[in-house]
Each structure stands twice: as structure tokens, then as C-alpha cells.
Amino acid sequence: MEYENILGYKVVKSSYQSIVDVVAKVIALNRKIIITALNAEKIVYSKKHSEVLWAISRSDIVIPDGVGIVWASMLSGGNLYHRITGIDLMDKIIESGVRIGARFYLMGGKHGVAEKTKEYFLNKYPGTNFSGTTNGYDYSNEELVKAINDSGANILFVANSSPKQAIWIFHNKKLLNMNCIMGVGGAFDVYAGLTKRAPLWMRKIGLEWLYRIFSDPLRIGHLFNLIRYVGMVIDYKLKRFLERFSFVIMLKDLKKYSEYLKYSSKVQLRLETAGTFLGYLWLILEPLAFMLIYTFVVNVIFKTNKPFYHLFVLIGIIVWQFTSKSILGGASSISKSKQIIDQVGFRKFILPTVTLLVQFYRFLISITVFLILTIISGFPITWRFLEFIPITFVLGIFVYGMVLICSHVGVYLLDLKNILDIVLRFMFYLTPVMWLYENLKLSWIIILKLNPISYIIQSYRDVFLYGNSPNYIYLVLISLFGIILIYIGHRVMRKRESEYGKVL
Amino acid sequence: MKPVIELQNINLDYNYRQSLTVKTYISNLLRKTRREDDKIFRALESVTLSFEKGKVYCVIGNNGAGKSTLLKVLAGIISPSSGILVNRAKSIGLLSLGASFSRELTGKENIFLNGLLLGISKKYIEENIQKIIDFSEINDFIDRPVRTYSSGMVARLGFSIAINLKPQVLLIDEVLSVGDIHFKEKSSKALVELIKSKNKTVVIVSHDMSTVVNLCDEAIWLEKGRVIKVGQVQAVVDEYIAASTKRS
């Protein structure tokens, strides 16, 4: 049988006939099933009383009795188009009663109602085997269970008010030697002729509940339950809906783990230089050493004497190091943390975020060194320098997006690190870290400018060395691209992170 | 008072998906039929449970019944394939044999990282860190990398963190017997104290029926991923023992 998940309940999605077939099979095999009719009210009750929740969850077959269930399904994009009402299912089961070897017991209702229901069905389906009826009030619970068991029945219909009947069935199902137990609520009253069902056209458009409230004004209290149900469905849907805007969730998570992020990145930064003789000094020495090498190669070996080439190349190195180290580190950030993933439940995007933060600290240290060198070299300090803040922001967004995506792929594709090594090396030569565009053909310049990092390096040089303003339109475009990457990366990780532990 | 954690109709499927290298990926593509190991294994089936504040639960059942998987679901380490999990606890700690330490970092740093990841505030950890160090009896080693620790020290530190940081829900997976006799006594004493304080929820997985009966209020009996019985601990344990002796 097919199921659909409605607000956390497994509701069957099939025809009356197939349920009757199941009942027949259960009788033939002498097993036991509980059938529960689910409607809006029961769901409301189940939130208040955990017993009702249990009673429904522990049923073998939950049928969509109320139109509210169908609506909830429609809202979730499900395809549960038709109700399967308890009252109609009861009729269908009794109709096939002789064929499937069922002996029925009717319990509940006011005095004599069960008896009248039995007469109604004997009229409709002559030959049906009824083992007994009771209103259920005249006995203690033990006597009641004994009477039902002794009658030799194998199918029990219980018609009490909701949620009393569901709880009763739940508590007594072990004691009852039945093959099938089903709560049918007000069905006896209808079959005994005490109340009328809504006209067929009303049932068809799903307004039976309205009819019932009008025909019995005492049921007005039920209306409040229906309103609460609508509220619950909206609440449930709203939460699912908001989850699509994963940025809201992402910011919340970042806030929740902010202390961890701070502490972890600090510790990781220490770890990167731990055990070395010069320690933290390496954070400064590394970019400086690269600067000297490139300057030596270009200015001394190739003898192209460019003024301030060392600053020109240093800013390129700093940006490139930040980008490539973040991406490489991000690619292995999750796959190397299997131990933590197996032990603690947390949002996994925290791990690549730590990687990015570590590299970002290093980046800030390097930029400070660069600034000092720039000032020493005699460049005037202007307000223009402050424009490096938006540029850095754009760079951060773009790299973060790349890091998130690489960290996710890195879980599944073990080769990613090797591939990235090669790709990043290639990108390094395509990025103007050591050279300028000026000697190239225009068509090449356009292609190479599609690389966001090259534009960001250019912007830093504009601001610090040339005293120009960067092209903000282009920066906005890059950050938009970065935001899309972050969005995709975060969403994919949220969806798949629960299987990381199983994959690694 | 609403339950701290509620599980409603939880199913958990494992599919044996593995990390791929490009080589295996291509060879999988070339093979037209799906491989055997794509099969799905259902580790938990229609599990509906609720856990209340101040109660101690134990999970019993044979090997492979899904006990550890259930703890991992409660801890949020793996999320269920279907069903609803309501978690009202701010912090949930799982204590099991392989502790989640970074080997290169010092014990102290690991304490902070562990606690912060569980959602415990830095301030609270700072206030309690001395207690954790004293309890674990690691002393000077606390400032050395964890890779220099013996396995007993790692286990002691793990237990000490879990018991002293007092997460709202504490899940314990078969580690009631950590370390030497002296530490064992100390840890069970601390555990009983935590249980007696009545404002934490504890879930214990154990095969040791006598400890289970002594410590717990309620027992959950799992069999092949399904809940067979939930209820007062003595009754469930008796029934479980009867069932397993009958089988053997």
C-alpha cells in the first residue's frame, strides 16, 4: 500500500477495495491490525495529548477520513485526492463480510444504537455474521473485553467520541483477540438513523464538516479545533517554506556557532604555525618571501625594471594565496573531520567556514604588511584606501561560495584535491599575479577578465597603487555570483549533510 | 511539560553509498546494472518515542537492533529518512567510545571545541574547565596534544567532559566502564549524581542488565530497528531476558 506523509503521519493512499483486501488477508493469516481514521480534530488532539499521538502512530492503517487531511496533502503538493472515510470503509468491510469470513462486533453508541446498526446491515447485506453488540457502558473494562473476546468475533467496530475511542483501542488492543479493530466515531448514529449525513453534493465538495456543525450547534466547539488545525497546517507549511530561504537559517546557524567559529579558527591558526621555530612570524614571512622571489626573477633575471614591482606582485600573491588556500582547505575540511561528524550533531557548513576564517585572518595580517610596505615606499595615504573594505567583502563572498561547494564535493569525490591542485595552478598563470594585461590581444583580455579573482586583484592595485576607484558594477556582479554560490552550496549541504557520516 | 525529544514514525535507511574516486565513478557508469551495494538497509522502522526531562531511559536489544543508531538520531548526527523528530533540548551530548578529539590540539582546546560544538557557552566552559581537568585526572597533559595521550586518558577526558558540561540530554553508548576500577567507581558515582538531580534526560545503551535496572526508569526494547516494548524498566528487562533465553 502507498503512503503519504501528512504532518508527520503515514496516511494510506489507496482505494476502499485494497483496504478490504488487506483485512481479508489479515483474517486469513490470523494477524491483528488497527485501522484509525485521521481527521483534523484528531491531529489537534494529538498535539495536546501524547496518548492520542501514540494511538495514531501505532495504528497499522491510517486512513484520510477528514477533508482537512486531503487539503493538507494538496498544500504539500501531494496527490491524496480522495478521502477514505471510516463510515464508508465500515460499510465496505461489512459488505464483503461473508466472503472474507468476518464475524463483527459492534461496540459503542447510545443505548440500542449498536443493535439498530446491526439490523440496518442485516437488512442491507443479509447473512452477515454479527457476534454481538454492546453500548459499552454497562460493564467494567475487563468484563467488556472478556465479552467481546468470548463472542467469537474477529472484527470490532468501536463508535465512541473522539479521542476517547482511539485511546481506548490503544490501551486494549493487546487484550482483544481480534483480527481488525477500527474506530468509526459517529457512524453507528448514522446507520441507526439517528443522524443524517450531509447530502452527497456537500460531501463531494468537501463541506461535510460544515453540515455537521449546522445540524448540531453543540458541535460549535469543534469549529475551534478546525481553526486550530488550519493554524497548525499553515505553521507546518510556513516552516517548510522558510527553510527554502536558507539564508535566514544560515545566519541563525552562524550566530549559534559564532563562539565555536571564533575559537576553532583561532586554534587552527595556531596549529598552522605550531612547532615551527619562527611560529607566527611565518604568517608574515611567507608572502614576503614570495614577493622577493618574483621580484628577483622579473627584475634581475629578465631585466625588466619596473618601478614598485614588488608591491605590485605582493598584493597579487596575497589575494591569490587566500583564494587558493581557502579552496584547497575547504575541499578537505569535511572529509578530514570524520571523527567529529560521527560524534556530534551540528551543521556541517561550519567546518568549511572555519577554513575560510583561518585563511581570512592570514589575509588580514598580510594586507597589513602590504600597507606598511606601501607607506614606507612613499605612496600617499588617502581616503581611497578605505575602498579596500568593499573589495575585500566581495572577495570573501566569492571565495566562501567556492569553499562551500568544494567542501561538499570533496566528501564524495576523493580526487578533488588532486584536480584542484592542477586547476588552481593553471588559474594562477591565467590570473595577473605577476604580469599585466597590457601586452595582450584584446580578445584574450576579455576572456581573462571573466575570472573574478583577476578583477579583484586589479581593484586592489587601483585603490592602493594607482589611486583609482574600482569598477563597482563589476564588483556587485561578482558578489551576486558569490551569493548564488553560497546559496547553492549551503542548500545542498543542508540537504545532504546527514549522509556525510555514512559516506566517509 | 512537553517531552524534550519526540520521535514520530521515524524511519532510517542506510544506503551503502561510498566516496568515489574518478576511476570508480567511471567504472560504475560503464557497468549498466546497479551494483549490489546500492541496496537499502532499514536500520530503524516506524519508531515513535518520547523522552521526558528528569527521566533515565535505557535502550536494550540484541546486537544490530539499532540501539546505537537510535542514539545517533537523537544526537542529530544522522537525520531520519522520514518521520518527524522534535528536539527541544538546547544541548545534547553523546558519549561513546571513539571520542571526537582533534589529535593535534591540546586537551584544553579540545574541551572548548567539544563544548562549544554542543552549544554550551564559552563562559560556562571556562567556569567548569578546572572541574573537568581534575575529574579526568589528566593533570599536566592537558596542555599537550591529544596524540600524546594514552587511550585510557582519552576515554577519561571524554567522560569527564560529558558529565561535567551537563548537556540537557546525555546519551551514553556502552561506556559505563571507562578506565581502571578507581575511575569506574568515580564515574558511576558522578553519573548517579547527575541522574538524581532530576533535571537532565539520560539515555543509556548497555548490555549490562543489572546496571540498567539500577540506574534507569524506563526501558526501550529494540529488535531489528523496531520498538518491541517500552515501559517500566524491570518489566521490560524481564521480558527481554525471557525472550532471549527462550531463543537460545
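The structure presented is a predicted model; accordingly, all values stated were derived computationally and were not measured. Below, read A as the first sequence line, B as the second, and so on, with proteins coming before strands; counting in each chain starts at 1.
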Please assess B:I120 against A:E259 for the test side chain to side chain contact (heavy atoms under 4.5 Å, CB included), listing each intermediate value before the final yes or no. CA-CA 9 Å; B:I120 291 163; A:E259 279 188 330; over 6 Å; no
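Residues A:R58 and B:V227 meet the side-chain proximity criterion, which asks for heavy atoms closer than 4.5 Å. Contact check for A:K262 versus B:K122: no side-chain heavy atoms found under the 4.5 Å cut-off. The side-chain heavy atoms of B:E6 and A:L53, taken from C-beta on, include a pair separated by under 4.5 Å. The side-chain heavy atoms of B:Q8 and A:Y9, taken from C-beta on, include a pair separated by under 4.5 Å.
Atom CD of residue A:Q343 and atom CG of residue B:N114 lie 8.5 Å apart, to the nearest 0.5 angstrom. Separating the CD atom in A:Q268 from the OG atom in B:S102 is a distance of 6.5 Å, to the nearest 0.5 Å. Here OG of B:S79 is found 12.0 Å from CZ of A:R496. Values are rounded to the nearest 0.5 Å.
Sparse packing is recorded around CZ of A:R31, with 12 or fewer heavy atoms of other residues, nucleotides or ligands lying under 6.0 Å away. For A:K173, the NZ atom counts as densely surrounded, since its 6.0 Å shell holds more than 12 non-hydrogen atoms of other residues, nucleotides or ligands. More than 12 heavy-atom neighbours from other residues, nucleotides or ligands sit within 6.0 angstrom of NZ on A:K32.
Between A:V344 and the options B:I77, B:I92, B:L118, a side chain to side chain contact (heavy atoms under 4.5 Å, CB included) holds for only B:L118.
Interface remark: B:S82 contributes no atoms to any contact with chain A (heavy atom separation under 4.5 Å). If you measure heavy-atom distances from A:K10 to chain B, the contacts under 4.5 Å come from both the backbone and the side chain.
Looking at every heavy atom in both residues, A:S57 comes nearest to B:T48 through CB-OG1, 3.6 Å.
Of all the listed residues (A:N418, A:I350, A:D342, A:L416), the one sharing the greatest number of non-hydrogen pairs under 4.5 Å with chain B is A:D342. Ranked by non-hydrogen atom pairs under 4.5 Å with chain B, the options A:Y263, A:Y257, A:F346 are led by A:Y263. With chain B as partner, the option from A:I340, A:I56, A:V267 having the largest number of non-hydrogen pairs under 4.5 angstrom is A:V267. With chain A as partner, the option from B:I78, B:L71, B:L113, B:L94 having the largest number of non-hydrogen pairs under 4.5 angstrom is B:L113.
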